[in-house]
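Chain naming here is simple, since letters A, B, ... match the order of the sequence lines and numbering starts at 1 in each. The figures that follow rest on heavy atoms only: side chains count, while hydrogens, waters and symmetry mates do not.
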Amino acid sequence: MQRIRIKKLLSEGIAGQDISVCGWVRTKRESKGIAFIALNDGSTQDTLQLVIPETSPAFQKLSQCNTGAAIRAAGVLKESPAKGQRFEVEVVSEIEVFGDADPATYPLQKKGHTLEFMREIGHLRPRTNTFGAVLRVRNILAEAVHEFFQDRGFIWVHTPIITASDCEGAGDLFTVTTLDLEKLPKGNGSVDFSQDFFGRRAFLTVSGQLEGEFLAMALGDVYTFGPTFRAENSNTSRHLSEFWMIEPEIAFANLRDDMELAGDFFRFLCERVLEKCESEIAFLEKFYKNTSIAELKTLSEKSFVHISYSDAIKELERAKEKFEFPVKWGLDLQSEHERYLTDKVYNGPVIVTDYPQEIKAFYMRLNDDGKTVAAMDVLVPKIGEIIGGSQREERLDVLTERMRESGIPFENMAWYLDLRRYGSAPHAGFGLGFERLVQYITGMQNIRDVIPCPRAPQTIKF
RNA sequence: UCCCGGGUAGCUCAGCCGGCAGAGCAGGUGGCUGUUAACCACCCUGUCGGGGGUUCGAAUCCCUCCCCGGGAGCCA
């Protein structure tokens, strides 16, 4: 008999049918003459209740069916006479035990475990309710990202993971090399990368944006969705050294269009999660209380509030709150300032736009005031920046001037300037940190808990 | 990288003004004809993070190193 996934069984099953299910035992409850097993196969948040009467040959196998054991069970699907589940399976024939799990040593027992403890057993934590929920939400979000852009005619482009451009200014880079680290070739005291694999120094990408721009200048609307690497020594609950980023780039568009896209995108993603992950969110709501179906519903319907940087500064100056860092036009917003805006003033996501040019990247389009640039940051409660974007500077003379001011070396940027030389057009885009999105939607407080194998300083075990 | 707070049983934690190492959960055994992180009874569990020092005596005080968490910076 073919195995059926529990998700399918619970939604499409018909009472009376013979079925075969495979999965891992979550809990076992034994009474005189009858036993119950809660079985999970990862396809859904819900467990399937197996009922094993004393008369079943399977009853003899119960001693091996401890929490964590992998089993197959065959029986009859029935409407459950008890509360807690609609269906259950009465196991009339044998249970096959693929692999048992010694309860004396198996770390996951039927009790609550802290997230900190689960981080130490990275290979087993996907078997918990919490990680099952988070990883299924992550999957639905990834699918929804493609659905959103594909439906709007965006082309998914694959920008390189290994790159030579080191001038984007977004944090420290990992070097990629095949040189013998024991005896590095030296020239003028420093390493001679001309002898390296690519003939020059290469890095892991920190952003696909610059490549995304030239693809948008040919294909119109594009997006990337891939891994990104930052070698910053960041030890926080919202930074990873390896994370996934989504970067749409849209041609013939300005900051307004960019903001609208970001808002539509975000709302769509919330909508899909509500539609497809209700039991996952309900579980996370019940156990962690940092997300809720009601909150996601609000997010899926509400437009982002937006405020200019200058107005945000005025708002902060008016605040009764005492800030540790100074509030002054020209200074960057600190975490405490962002949190004040999202948590206290607006109680939800906020887009801050038009920052002073000095505190933003060289490629952002200079506004007519000559002081600010067409930048936007989407800030959300608790996490802070989840999206960073801008309209790009498409005017050759303005761009070269800003590069000069920012000390960007021209030699490796010829191709980037070419885009402004030939058929230049207004364009804009943004970057969304995928794990921060998953974090926000699921309410997980630490970003290391929304990716199977977190990479961070001193952290690469699993 | 900086600032705080931690590290004691498999897990979560109490014990910390020095004096015999504790609880809850998990696990084991037995009981119970339908349980829902079942219930009841009994039982088991220790490199008190590592190293050094003070002391008659250190989980407890001091130094040092390691690890974890929270916050900050950098950013998505």
Side-chain angles (χ1 to χ4, degrees), chain A residues 26-38 46-55 63 66-68 78 80-85 88 90 101-121 128-129 168-172 206-209 224 227-247 262 283 286-287 324-325 332-336 338-339 359-361 377-380 382-389 430-440 445-450 456-459 461:
Chain A
R26 280 292 168 78
T27 65
K28 176 179 65 176
R29 294 177 290 276
E30 289 176 280
S31 250
K32 192 175 177 74
I34 194 162
F36 302 91
I37 286 175
D46 304 315
T47 54
L48 178 68
Q49 170 153 281
L50 306 178
V51 184
I52 304 112
E54 201 169 19
T55 50
S63 64
N66 292 312
T67 299
K78 291 185 161 178
S80 180
K83 281 182 187 167
Q85 59 280 318
E88 64 186 24
E90 183 165 322
D102 182 359
T105 55
Y106 185 59
L108 293 170
Q109 290 301 335
K110 50 175 176 179
K111 69 181 290 290
H113 294 288
T114 59
L115 294 166
E116 290 83 356
F117 173 63
M118 289 192 249
R119 270 170 228 151
E120 294 168 17
I121 46 166
T128 62
N129 285 324
E168 214 252 332
D172 297 337
V206 291
S207 164
Q209 183 201 314
T224 71
T228 308
F229 307 87
R230 303 270 167 98
E232 281 289 326
N233 191 11
S234 293
N235 292 286
T236 80
S237 57
R238 56 187 188 284
H239 287 87
L240 289 168
S241 308
E242 175 182 295
F243 63 98
W244 287 62
M245 189 153 65
I246 297 142
E247 297 178 285
F283 172 83
K286 186 175 160 199
F287 277 87
E324 192 188 335
F325 293 93
D332 209 351
L333 300 180
Q334 302 291 316
S335 286
E336 56 172 349
E338 295 179 351
R339 215 174 305 119
I359 59 175
K360 286 291 179 186
D377 282 356
V378 178
L379 312 175
V380 297
K382 299 210 176 83
I383 294 162
E385 188 177 343
I386 197 169
I387 289 175
F430 62 80
L432 169 85
F434 188 56
E435 283 74 16
R436 287 190 181 173
L437 172 77
V438 180
Q439 213 186 337
Y440 187 53
Q445 300 201 311
N446 194 314
I447 200 164
R448 297 176 190 197
D449 298 332
V450 299
Q458 303 299 313
T459 303
K461 186 172 173 189

Engineer: Using whole Å, what does the distance between atom P of nucleotide B/rC68 and atom CD1 of A/I121 come to?
Structural biologist: 16 Å
Engineer: Can you check the A/N233 CG to B/rA72 C1' distance for me, whole Å?
Structural biologist: 13 Å
Engineer: Which heavy atom in A/R26 sits nearest to a heavy atom in A/N129, and how many Å separate them?
Structural biologist: NH1-OD1, 2.6 Å
Engineer: So does A/R238 get a side-chain nitrogen or oxygen closer than 4.0 Å to the phosphate oxygens (OP1/OP2) of B/rG70?
Structural biologist: no
Engineer: Does a side-chain N or O from A/S237 land closer than 4.0 Å to OP1 or OP2 of B/rG71, or not?
Structural biologist: yes
Engineer: Rounded to whole Å, please give me the gap between CD in A/E338 and P in B/rG71.
Structural biologist: 14 Å
Engineer: Find the distance between CD (A/E435) and CD (A/E242) and round it off to the nearest 0.5 Å.
Structural biologist: 8.5 Å
Engineer: Using atom C1' in both nucleotides, what's the gap between B/rA14 and B/rA21 to the nearest angstrom?
Structural biologist: 11 Å
Engineer: Taking the P atom in each of B/rG24 and B/rC62, what is the distance between them to the nearest angstrom?
Structural biologist: 31 Å
Engineer: Quick check on B/rA38: is either OP1 or OP2 less than 4.0 Å from any side-chain nitrogen or oxygen of A/T27?
Structural biologist: yes
Engineer: Considering Watson-Crick and G-U wobble pairs with both distances under 3.5 Å, what does B/rA41 pair with?
Structural biologist: B/rU29
Engineer: Between A/F243 and B/rA76, do the rings stack, that is, sit under 5.5 Å apart with planes less than 30° off each other?
Structural biologist: yes
Engineer: Do you know which two heavy atoms are closest between A/I383 and A/R238, and how far apart they sit?
Structural biologist: O-CD, 3.2 Å
Engineer: Considering only side-chain heavy atoms of A/T236, which listed nucleotide, B/rC74, B/rA37, B/rG34, is closest?
Structural biologist: B/rC74
Engineer: If you look at every strand shown and take non-hydrogen atoms under 4.0 Å, does A/R119 touch a base, only sugar-phosphate, or nothing?
Structural biologist: sugar-phosphate
Engineer: Does a donor on one side chain and an acceptor on the other come within less than 3.5 Å for A/Q445 and A/S237?
Structural biologist: no
Engineer: When rounded to the nearest 0.5 angstrom, what distance separates CG in A/L437 from CE in A/M245?
Structural biologist: 13.5 Å
Engineer: The side chain of A/H239 lies closest to which of these nucleotides: B/rG69, B/rC75, B/rG28?
Structural biologist: B/rC75
Engineer: By the 4.0 Å heavy-atom rule, please label A/I34 as base, sugar-phosphate, or nothing.
Structural biologist: base
Engineer: Going by purine N1 to pyrimidine N3 plus the second Watson-Crick contact, or the G-U wobble pair, all under 3.5 Å, which nucleotide sits opposite B/rU1?
Structural biologist: B/rA72
Engineer: Does A/K32 place a side-chain N or O at less than 4.0 Å from the phosphate oxygens OP1/OP2 of B/rC32?
Structural biologist: yes
Engineer: Run the numbers on A/N66 and A/K28 for side-chain contact (heavy atoms from CB on, under 4.5 Å), then give the verdict.
Structural biologist: CA-CA 7 Å; A/N66 292 312; A/K28 176 179 65 176; 3.2 Å; yes
Engineer: Once rounded to the nearest 0.5 Å, what's the spacing between atom OG1 of A/T128 and atom CG of A/L108?
Structural biologist: 6.5 Å
Engineer: Write down the partner of B/rG24 under the Watson-Crick or G-U wobble criteria, each distance required to be under 3.5 Å.
Structural biologist: B/rC11
Engineer: Is it the case that B/rU36 (base atoms only) and A/Q85 (side chain only) share a donor and an acceptor within less than 3.5 Å, ignoring hydrogens and angles?
Structural biologist: yes
Engineer: Considering only heavy atoms and no angle criterion, is a donor-acceptor pair shorter than 3.5 Å present between the side chain of A/E30 and the base of B/rU35?
Structural biologist: no
Engineer: Quick one: which protein N/O atoms are closer than 3.5 Å to N/O atoms of nucleotides 9-13 of chain B? Pair and distance per line, please.
Structural biologist:
unit_1, atom_1, unit_2, atom_2, d
B/rC11, O2', A/K111, NZ, 3.2
B/rC11, O2, A/K111, NZ, 3.3
B/rU12, OP1, A/T114, OG1, 3.2

Engineer: Looking across every strand, which nucleic acid part, if any, lies under 4.0 Å from A/S234 by heavy atom: base, sugar-phosphate, or nothing?
Structural biologist: base
Engineer: If you measure from the P atom in B/rA58 to the same atom in B/rG51, how many Å do you get, rounded?
Structural biologist: 14 Å
Engineer: On RNA chain B, check which nucleotide each of A/R339 and A/R436 is closest to and give me the residue with the more 5' one.
Structural biologist: A/R339
Engineer: Starting from P on B/rG73, measure out to CZ on A/R230 and report it in whole angstrom.
Structural biologist: 17 Å
Engineer: Output yes when at least one side-chain N/O atom of A/N235 is less than 4.0 Å from OP1 or OP2 of B/rG69, else no.
Structural biologist: no
Engineer: Under 4.0 Å between a side-chain N/O of A/K110 and OP1 or OP2 of B/rC25, yes or no?
Structural biologist: no
Engineer: Atom CZ in A/F430, atom CG in A/D377: separation rounded to 0.5 Å?
Structural biologist: 12.5 Å
Engineer: Could you give the distance separating B/rA23 and B/rU45 at their C1' atoms, to the nearest angstrom?
Structural biologist: 13 Å
Engineer: Both A/I387 and A/V51 contact RNA chain B. Taking the nearest nucleotide for each, which residue is further toward the 5' end?
Structural biologist: A/V51
Engineer: Would you mind classifying the nucleic acid contact of A/E54 as base, sugar-phosphate or nothing, using non-hydrogen atoms under 4.0 angstrom?
Structural biologist: nothing
Engineer: Between A/T459 and A/R119, does the side-chain contact (heavy atoms from CB on, under 4.5 Å) criterion hold? Intermediate values first, please.
Structural biologist: CA-CA 10 Å; A/T459 303; A/R119 270 170 228 151; over 6 Å; no
Engineer: Do A/H239 and A/R436 pass the side-chain contact (heavy atoms from CB on, under 4.5 Å) test, and can you show the C-alpha distance, the side-chain angles, and the key distance before you say yes or no?
Structural biologist: CA-CA 9 Å; A/H239 287 87; A/R436 287 190 181 173; 3.5 Å; yes
Engineer: When the P atoms of B/rA59 and B/rC2 are compared, how many Å lie between them, rounded to an integer?
Structural biologist: 31 Å
Engineer: Between B/rG46 and B/rA41, how far apart are the two P atoms, rounded to whole Å?
Structural biologist: 25 Å
Engineer: Classify the side chain of A/Q445 versus the base of B/rG70 as yes if they form a donor-acceptor pair under 3.5 Å and no if they do not.
Structural biologist: no
Engineer: When every nucleotide of nucleotides 40-49 of chain B is labelled 5' to 3' by its protein contacts under 4.0 Å (heavy atoms), B for base, S for sugar-phosphate only, - for none, what sequence of letters results?
Structural biologist: ----------
Engineer: Using atom CG of A/L50 as one end and atom C1' of B/rG34 as the other, report the distance to the nearest whole Å.
Structural biologist: 14 Å
Engineer: Between B/rC17 and B/rU60, how far apart are the two P atoms, rounded to whole Å?
Structural biologist: 11 Å
Engineer: Using atom CG of A/D377 as one end and atom C1' of B/rC74 as the other, report the distance to the nearest whole Å.
Structural biologist: 14 Å
Engineer: Whole Å only: how far is the CG atom of A/L48 from the P atom of B/rU35?
Structural biologist: 18 Å
Engineer: Is there a side-chain contact between A/R230 and A/F243, using heavy atoms and a 4.5 Å cut-off?
Structural biologist: yes
Engineer: Ignoring backbone atoms, establish whether A/Q334 has a side-chain N or O less than 4.0 Å from OP1 or OP2 of B/rG73.
Structural biologist: yes
Engineer: Taking only N and O in the side chain of A/R29, is any of them less than 4.0 Å away from OP1 or OP2 of B/rU35?
Structural biologist: no
Engineer: What's the shortest heavy-atom distance between A/S207 and A/T228, and which atoms?
Structural biologist: N-CG2, 4.0 Å
Engineer: Using the P atom in both, what is the distance from B/rC56 to B/rG18, to the nearest Å?
Structural biologist: 15 Å
Engineer: Take atom CD of A/Q439 and atom C1' of B/rA76, then tell me their distance rounded to the nearest Å.
Structural biologist: 11 Å
Engineer: Passes side-chain contact (heavy atoms from CB on, under 4.5 Å), A/E385 versus A/L333? Steps please.
Structural biologist: CA-CA 11 Å; A/E385 188 177 343; A/L333 300 180; over 6 Å; no
Engineer: Any base atoms under 4.0 Å from A/P53, or only sugar-phosphate, or nothing? Heavy atoms, all strands.
Structural biologist: nothing
